[in-house]
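Report on the following structure.
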Protein chains: 2
Amino acid sequence: MRNEFQADLRAVNDLLVTMTTAVQIAMADATTALLAADRDLAAAVAGRDADVNALRDRVEDLVLVTIARQAPVAGDLRALFVAAQVATDVERMGDLAAHVARMTLRYHPRPTVPADLRALFVRIGRAADGMAAKAVQVLAEPDAATAAELERDDDLMDGLHQELLTAILDRKPPLDVATGVQLVLLARFYERFADHAVNAGHRTVFRLTGTTVH
Amino acid sequence: MRNEFQADLRAVNDLLVTMTTAVQIAMADATTALLAADRDLAAAVAGRDADVNALRDRVEDLVLVTIARQAPVAGDLRALFVAAQVATDVERMGDLAAHVARMTLRYHPRPTVPADLRALFVRIGRAADGMAAKAVQVLAEPDAATAAELERDDDLMDGLHQELLTAILDRKPPLDVATGVQLVLLARFYERFADHAVNAGHRTVFRLTGTTVH
């Protein structure tokens, strides 16, 4: 029974690692597509989002089946419960990568990011990628220190987000409203992606210690 | 045991109804504060968000304790599991109401919404309020028809959102970028609030029937 439970928990966790790796790749590809105005790559990212949603459904099903069959308590129950919450966060990260991709599709072949703001988007994309990689790492090898690192990375992401907002609003000559609006929405997609990566880390720490990080 | 379980489930559900009513009021007040540039009301909404977060924590704790104590299976387990997911959606609705309130605070005493776009925000606020009210109703009295109504309401909300984006981008004379950006973010907060209300309805139908609505 105990071994069976551990195997089920491992299966859930493997699905989460697969899911999170998929959304890391999705956001990296979405960033590449955005900066290269690459229509095919953007369409591929948007299309693959359904796979992430299907993985989320599989995590939820497996969690429910495992709780029902094994009636786990205390830490075991919490681990399963948290896994389902992490799946929701990661599924949302996938949505946000798809949003970035669809923004590229909508304005193709016009580049969405003006030349002078590309460097900032490169940094934002890199920060998002690094945070998704750490979320994968925390899931594969739960570790409170890496989860705490995600918090610090998120402060950097918030700083980049603020820097971008200022650059958009203070730009000379001013951006037209349509471009400003697109860029701010893009910035928000990356910022929310990062928030969900932090949530995944938070919840993993909660799973380990039963206390939430604030 | 069975009666005890039913009592626990009712307690969870009562908390969800309380939470969802709180976020309905929060968004209604946030809208009033936005349109009246009412600093005190906006600050009150932002301050009350912590109560919603605390309610979400109580729902999660009660769900875990109930699963551990009662080891429910099948529909009972699903009902508890879904309640925790709904709590996450509703907590996020509270965040979004607080975002609207903080937008009002940031630009006070300057009104955030230009006079000619106010009527559209009134309609968006009313749509959000109606959807939150229906989410409360579905939770208090689970009913697939009301959950389905939420889907249709969301199409109306998406239509209003689109109408607002067009109004922002096509406005003559053009809006300055800062105002355009604020308004688009505000519009997104309402749209996401509505999406989470729909999710709450979706999940409630799933709780009743075991099938998801797409």
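Here is how names work: the chains are called A, B, and so on, in the same order as the sequence lines, proteins then strands, and each is numbered from 1.
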Between A/His196 and A/Glu91, a side-chain donor and acceptor under 3.5 Å:
no

Proximity breakdown for B/Val63 and chain A, heavy-atom pairs closer than 4.5 Å:
side chain

A/Arg203 side-chain N/O to A/Ala83 backbone N/O, donor-acceptor pair under 3.5 Å
no

Identify all side-chain donor-acceptor contacts of residues 167-176 of chain B below 3.5 Å with residues at least two apart in sequence or on another chain.
from	atom 1	to	atom 2	distance (Å)
B/Arg171	NE	B/Asp116	OD1	3.3
B/Arg171	NE	B/Asp116	OD2	2.7
B/Arg171	NH1	B/Pro173	O	3.3
B/Arg171	NH2	B/Asp116	OD1	2.9
B/Lys172	NZ	B/Asp170	O	3.4
B/Asp176	OD1	B/Thr179	OG1	2.8
B/Asp176	OD2	B/Ala178	N	3.4
B/Asp176	OD2	B/Thr179	N	3.3
B/Asp176	OD2	B/Thr179	OG1	3.3

Could A/Glu4 and A/Arg69 be called an ion pair, given the rule that one side-chain N must be under 4.0 Å from one carboxylate O?
no

Could you check which of A/Val73, A/Leu185, A/Val184 has the highest count of heavy-atom pairs closer than 4.5 Å to chain B?
A/Val184

Throw together a table of side-chain donor-acceptor distances under 3.5 angstrom for residues 43-52 of chain A, partners on residues two or more places apart or in other chains.
from	atom 1	to	atom 2	distance (Å)
A/Arg48	NH2	A/Asp29	OD2	3.0

Check side-chain hydrogen bond (donor to acceptor under 3.5 Å, both in side chains) between A/Gln182 and all other residues, then give those that pass, not counting sequence neighbours.
none

Would A/Gln85 and B/Glu60 count as having a side-chain donor-acceptor pair, cut-off 3.5 Å?
yes

Interface residue of largest heavy-atom contact number with chain B, from A/Asp76, A/Thr88, A/Val177, under 4.5 Å
A/Val177

Does anything in residues 95-114 of chain A get under 4.5 Å of chain B by heavy atoms, and if so which residues?
A/His99

